[in-house]
Protein chains: 2
Amino acid sequence: MNGRSALRLAKLQEALASGGTLHLRDAAELCDVSEMTIRRDLTTQDTAISLLGGRLVMANYPGVTPIYDLTEQQASHYQAKYRLCQRALAYIEEGDTLFIDCGSTLMPLLSQLSHFRELTVVTYALNVANAVAALPNVRLVLLGGLFYATSQSFGSDNMTAAIERLGINKALISAAGVDLERGVSCFHFHEVAPKQAAIATAMQRLLVVDASKFSVVRPAYFAALDDFDVVVTDEEGAPQLLKKNGRVVPEIVVPTVTVA
Amino acid sequence: MNGRSALRLAKLQEALASGGTLHLRDAAELCDVSEMTIRRDLTTQDTAISLLGGRLVMANYPGVTPIYDLTEQQASHYQAKYRLCQRALAYIEEGDTLFIDCGSTLMPLLSQLSHFRELTVVTYALNVANAVAALPNVRLVLLGGLFYATSQSFGSDNMTAAIERLGINKALISAAGVDLERGVSCFHFHEVAPKQAAIATAMQRLLVVDASKFSVVRPAYFAALDDFDVVVTDEEGAPQLLKKNGRVVPEIVVPTVTVA
DNA sequence: GCGTTAATGTTAAAATTATAACATTTAGTG
DNA sequence: CACTAAATGTTATAATTTTAACATTAACGC
């Protein structure tokens with residue numbers, strides 16, 4: 001180890017702390033050493049900075065891109081979610097006030113919202129908030145509280161009251177399990193209050209779930225299937241799936257199962 | 001424009017949404033097109049993905065490294081902030097419940113919090129929340145509301161009540177202006193309520209400002225200098241600055257001006 | 001179905017980045 | 001003050017990425 005090396009890394013780390021990248025050339029100049037020395041610092045020492053195409057970037061750093069390569073499989077999962085969201089998008093109209101549920105299901109929808117002139121999004125999820133915060137045309141209301149890392153969302157005891165005060169137009173709800181008899185469920189109990197409150201106040205309720213969630217029951221029940229006006233799903237088989245497995249779903253339960 | 005191109009980008013965007021990088025080679029395989037096509041998508045279309053050393057990374061995307069090159073000057077600015085935060089760090093103790101103000105001043109502090117065993121952070125800023133959300137040892141409480149992009153923070157009418165309910169130990173407050181006669185001020189009015197509430201409830205109040213903020217007045221006044229227990233600043237000259245320019249600062253106003 | 005245009009693929013050359021080997025400087029020691 | 005070893009610098013070479021030009025394929029209108 002070397003004191004100077006550590007000093008250089010600290011300097012570079014702070015330069016990169018709030019994001020951005022630093023070209024190796026500039027980093028070398030900044031520290032007044034050769035590029036090779038910076039290279040060696042980065043490989044020799046234990047550091048959070050990694051070198052990516054000649055540029056220094058922060059890795060494994062809070063809020064900043066961790067540098068690891070996604071496998072193709074990981075990446076390809078998003079296709080299904082994307083298609084699902086494209087269908088949900090059809091229900092969104094100019095000027096809507098949307099409640100967007102937590103989870104990864106609705107994420108692909110968010111970037112599409114930039115095509116509207118003006119919208120409002122209400123959410124209790126950090127990942128959703130981040131995606132929406134980047135859209136200048138969308139007003140963002142985040143319902144805060146204690147952060148739950150597993151679902152990237154917040155929970156608080158006055159979530160229900162906070163949601164009821166808002167004029168939510170359409171609620172886009174996701175779920176981890178949908179079962180004809182046992183209803184709609186999710187993994188985490190703190191999600192129940194916001195989901196139920198949104199369902200209660202929204203004028204239109206959309207359940208957005210891919211077909212793999214059907215006939216699945218998860219720990220936290222939050223709604224019956226017929227609490228929703230629309231079920232947006234991705235596979236042709238899904239409506240059948242809803243009709244089999246127990247008894248036939250009343251027409252009114254899934255008035256608009258959207259199938260491609 | 002091209003529908004397929006947009007589809008590919010959406011797919012890639014979703015793949016990268018949760019961070020990580022994707023090698024151009026893998027991105028091409030994933031979309032079943034040549035690397036050149038992906039390259040063209042990225043340069044032709046308006047997208048948040050950028051190519052860095054042969055890898056796709058999310059740019060200008062919430063919570064993820066924006067890809068722009070820091071100038072040497074910009075880079076060296078962070079040194080000052082880092083040193084400032086190092087001093088503020090000295091006041092933080094194991095188990096504390098910290099109120100962390102919005103702005104960029106306190107950001108370098110957050111990564112240092114990983115060295116504690118257990119802490120709680122209360123904030124109303126999105127960038128702070130993102131940084132803290134990544135720390136497994138820190139409990140995060142985010143005070144939500146309507147999002148203000150200019151300060152990356154939230155404002156709501158029950159912010160004061162929400163803060164008063166929390167047992168905040170130490171308040172770390174930043175400011176855009178500090179003046180002996182005109183007090184401590186910031187740019188945005190929605191920041192006033194949370195700052196004041198935190199100052200009111202916290203057991204210890206720290207004003208963390210670099211010396212460039214002294215003798216500056218900004219639109220939104222929120223506190224007098226002697227509302228704080230400690231002023232953490234970065235330059236040797238700062239205490240003098242506080243004493244000049246009007247009259248002498250009473251000893252009690254700045255009980256612990258921390259100087260290197 | 002043919003012609004036209006846009007989209008995509010292929011290839012080779014140019015530019016950039018990474019690696020390795022060796023030269024030089026610097027710091028510490030007796 | 002010389003000797004040693006670590007740290008840093010330099011150079012050449014290899015690998016990779018970028019760019020540009022041109023070939024091919026697919027989509028669309030008439």
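Computed over heavy atoms, backbone and side chain alike; hydrogens, waters and symmetry mates excluded. Labels below follow one simple rule: chain letters A, B, ... track the order of the sequence lines, proteins then strands, and each chain is numbered from 1.
- Ranking dT8(C), dT10(D), dT19(D) by closeness to the M36(B) side chain, first place goes to dT19(D).
- For residues 122-139 of chain A, the set of pairs meeting the salt bridge (Lys or Arg N to Asp or Glu O under 4.0 Å) definition, not counting sequence neighbours, comprises E118(A)-R139(A).
- Remark: S174(B) engages no residue in a side chain to side chain donor-acceptor pair (under 3.5 Å) (not counting sequence neighbours).
- One interatomic measurement links the two molecules: CD of E29(B) to P of dG9(C), which rounds to 13 Å at whole-angstrom precision.
- The aromatic ring centres of F147(A) and F154(A) sit less than 6.0 Å apart.
- In this structure, the side chain to side chain contact (heavy atoms under 4.5 Å, CB included) partners of F187(A), at least two apart in sequence or on a different chain, are A176(A), R218(A), P219(A).
- In this structure, the CG atom of L42(A) is 16 Å from the C1' atom of dT8(D), given to the nearest Å.
- Screening residues 95-104 of chain A for salt bridge (Lys or Arg N to Asp or Glu O under 4.0 Å) gives D96(A)-K170(A), D101(A)-K195(A) as the qualifying pairs, with residues at least two apart or on separate chains.
- Computed from coordinates, the D32(A) CG to dT26(C) P distance equals 12 Å when rounded to whole Å.
- Annotation: side chain to side chain contact (heavy atoms under 4.5 Å, CB included) contacts of M36(B) (sequence neighbours excluded): S34(B), R39(B), R40(B).
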Between the protein and nucleotides 22-29 of chain D, list every N/O to N/O distance that falls short of 3.5 Å.
unit_1: dA27(D); atom_1: OP1; unit_2: R4(B); atom_2: NH2; d: 2.5

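- In this model, the phosphate group of dG9(D) is approached by a side-chain N or O of T37(A) to a distance below 4.0 Å at OP1 or OP2.
- Contacts of H115(A) classified as side chain to side chain contact (heavy atoms under 4.5 Å, CB included), with partners at least two apart in sequence or in another chain: Q112(A).
- With sequence neighbours excluded, no residue forms a side chain to side chain donor-acceptor pair (under 3.5 Å) with T123(A).
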Heteroatom pairs (N/O) under 3.5 angstrom, protein to nucleotides 14-18 of chain D:
unit_1: dT18(D); atom_1: OP2; unit_2: R39(B); atom_2: NH2; d: 2.0
unit_1: dT18(D); atom_1: O5'; unit_2: R39(B); atom_2: NH2; d: 2.7

